[in-house]
Amino acid sequence: MAAMRDLPASEIPRHLSQRRPLLLSLPERETGDVLAKPVEDLQDIGPARAKALRGLGVATLGDLLEYFPRDYQYESEERPIDRLREGEISLARGEVTAVNYIAGGHGKARFEATLSDAGCEASAGVHRLSLVFFHGAYLRRQIHPGLLLRVRGKVQFFRGIAQMVNPKWEIVEPGTKAVEDAKFRAVYPASSRISSETIERIMSANLNEALAEVGEWFSPEILSRRKLMGRLEAYRAIHQPTDRRQAIAARRRLVYDELMLMQLGLAASHLMKMTKISAPILRIDKTLDRRIRARFPFELTNGQQNAVWQIVRDLKSGRPMKRLLQGDVGSGKTVVAVYAMLAAIANKMQAALLAPTEVLAEQHYLTLRNLLHGSQVKIDLVTSRTRRQSRGAVATRIAEGQTHLAVGTQALLQEGIEFANLGVVIVDEQHRLGVRQRATLSDKGVSPHYLVMTATPIPRTLALSYFADFDVSAIEDLPPGRKPIKTRWLRPGQVAQAWEFVCEQVRGGRQAYIVLPQIQEDGDDAKSVIGRMRTLAAGPLKDLRLAALHGQMTTEEKEQAMADFRDGKIDVLVATTVIEVGIDVANATIMVIDGADRFGLSQLHQLRGRIGRGLFSSQCILVADGATPGAEARLSAMLNTSSGFEIAEMDLRLRGPGEFFGIRQHGLPEFKLADLTSELDLLQLAKEDAQAIFADDPRLNNADHIHLRTALLSKFGQNLDLAQTG
Ligand code: ADP
Ligand code: MG
């Protein structure tokens, strides 16, 4: 994880100690806002095309410029028919010598025409080109023998005769010049309302105007060292390359730019935080340390111990902590977070704990209440389900400092909830929270300390990117006594085996979880908590004590069900993923995940982490058919590894970084071109170069960097601004 180190102090440029804002406000736009021109005002675009483009997310000239091809296609120049080649997209011309319409049922109707370019010796097969138009009834009135056509399409040979299916065609005069240039053309992601070709035409009509706005970001030295083409050239070449090699070089350049911009954004916000924003200095002495530890019913593991030391050092430093606490499911991250929160509270400051969902927030709330039972610490829960009036009351308590520890979702950061004196913020599972939320947290000039917990080890690719500005503490050991979990996969037809196993284990004194993907039955879908409870209680598990646990129950009902399970008054908990966190019953050694194909890989891993916590060996049974290749891959991964790290890498590969992070809702930067899972090398280069540029010209004031600076501010301006307030 060396990539995540802070810059050592010696690398912090001198001027930063003068506490000037790193980046000022947006520079004057020297070029006017040509790239902001709406598509309606562009060449070759009428209302219908404008609408179609907007449907593709292209609203301005700038969007158009960045509407990149998804592929390229080689098209040969116009050729005589006897020189057409299999598989090529070609232009050819000839006289129509025959037409035919075949009505054919079952949607097979087709119009056929034969072209010949051999004058009257049309009999010679090599000079014949056969055209097939499916659903071409209307062509009966347009194409007839004697016409001269020029056609374009992919050539295939059928019984020795060249053929094109659904070619483009036009009528030409005998004297029309042949098209002499072969062409390498872009293929754009298209829609039913606008074709790739139309987009290509629009692109060529407007590209020059857009390119006039493109400035170089980097010095010639960087370009030559990294073998990058110029930025302007790259934008032209990605749309209109002469050949595939040029297209690839263009893409590489623009991917580099994207990655670079992100690296600079991270570096800028990081340096600003380190230098401009101070954080409360917490006093943590031996007595306090002892008092906090006395709260925990166990000794800390080595991993927890190290994490606590690192955090204590951060909290005492006066600089905002920005630390990622990484540890597999069940490694005991919560107590480390609790340590940090109690340290803040003992220093007369508040602490906040943010979870990505309401259910998780509520689980944390219950866990903390339990752990801090009998202490002076006042805990409040805020989610969007908190009722209006009580929310007002909670907001007041938080604002007046009566609440010491607030647990919630992002609702905690919104809707005008102000903290009297926020010292420490803990975020659980950051990868589901976005950069924007991250920025909002350090809004007030004096930043709280900030700890992110994640059970999902951040894969190396992402560590180099999104989390590049975090310090990392990793808990690599598990609390003592954890046992490996055996995992099995049963098909739905074999599910009776699972119930038998549950019965047998309960008779032996153990307890079980049965997890389902939804609460209520939905049509004919029986994979629900309510439905399963009913069938199990009536049949396979009728002698056992069952209870349901799901998100529609009230907090009290849930608390009750969990307490009963913990106290052994319940044998089997039939639940949704609410049990993903916060439940910890060492005697529960069986987990049946029914409908396992419906869960994501990380979620399955997280769920499985609920068992294997006691003296007895544990078993996880996945019930599913491998309905899709994706489901198959997830389930196999579960059988083959119990390493959270491998699972996370696999999950990233299966889902891509976008979904992995739940990008859209949470505003993480998305790449138009870069693919973090395969472009690691370029990312590494961009990172090195970004650090060099930043060390040299952190305010990007250098004339060479003017375009880069504008781009950086327009991409991250909001976040950078937030980070520098106060
Ligand atoms: P996670 O890292 O998945 O959030 P938790 O913080 O929920 O893990 O901890 C998992 C369980 O392990 C909790 O019930 C907790 O009480 C227990 N635990 C944590 N640390 C220790 C320890 N040092 N010794 C024994 N049990 C521990
Ligand atoms: Mg946890």
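Each ligand, and each atom within it, is numbered from 1 in the order the structure gives.
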Check: Can you list the ligand 1 atoms lying under 4.0 Å from a non-hydrogen atom of Thr334?
Finding: 4 (O), 5 (P), 6 (O), 7 (O)
Next item on the list: Report, in ascending order of atom number, the atoms of ligand 1 lying under 4.0 Å from any heavy atom of Thr301.
Entry: 23 (N)
Checklist line | Phe298-ligand 1 polar pair, N/O distance under 3.5 Å | finding: no
Next item on the list: May I ask you to establish whether Arg610 and Tyr513 are in a cation-pi arrangement, using a distance under 6.0 Å from NZ or CZ to the six-membered ring centre and at most 45° from the ring axis?
Entry: no
Margin query: Under 4.0 Å, counting heavy atoms only: does Val336 come that close to any atom of ligand 1?
Written below: no
Checklist line | Numbering as shown, the atoms of ligand 1 that approach Glu299 to under 4.0 Å (heavy-atom distance) | finding: 22 (C), 23 (N), 24 (N)
Margin query: Using a 3.5 Å distance criterion without hydrogens, assess whether the side chain of Asp594 forms a donor-acceptor pair with backbone atoms of Leu516.
Written below: no
Next item on the list: Determine, for Asp597 against Arg634, whether the closest basic-nitrogen to carboxylate-oxygen distance falls under 4.0 angstrom.
Entry: no
Checklist line | Flag, side chain of His404 to backbone of Lys378, donor-acceptor distance under 3.5 Å | finding: yes
Margin query: In this structure, does ligand 1 have an atom that sits under 4.0 Å from one of the heavy atoms of Gln606?
Written below: no
Next item on the list: Enumerate the atoms of ligand 1 whose separation from the nearest heavy atom of Leu300 is less than 4.0 angstrom.
Entry: 23 (N)
Notebook entry, point to check: So is Gly330 close enough to ligand 1, meaning a heavy atom under 4.0 angstrom away?
Noted result: yes
Check: For ligand 1, is any non-hydrogen atom under 4.0 Å from Ile475's backbone (N, CA, C, O), its side chain (CB onward), both, or neither?
Finding: neither
Check: Around Glu299, counting heavy atoms of other residues, nucleotides and ligands shown, do more than 12 lie under 6.0 Å from its CD?
Finding: no
Item checked: Element-labelled atoms of ligand 1 that are located less than 4.0 Å from some non-hydrogen atom of Asp328 -> 2 (O)
Checklist line | Test item: side-chain donor near acceptor, His449 and Asp314, under 3.5 Å | finding: no
Check: So, is Gln304 polar-close to ligand 1, with some N/O to N/O distance under 3.5 Å?
Finding: yes
Next item on the list: Tell me yes or no: between the side chains of Asp564 and Gln560, is some donor less than 3.5 Å from an acceptor?
Entry: yes
Notebook entry, point to check: Any side-chain donor-acceptor pair under 3.5 Å between Tyr365 and Asp380?
Noted result: no
Check: For ligand 1, which atoms have a heavy atom of Ser331 less than 4.0 angstrom away?
Finding: 2 (O), 8 (O)
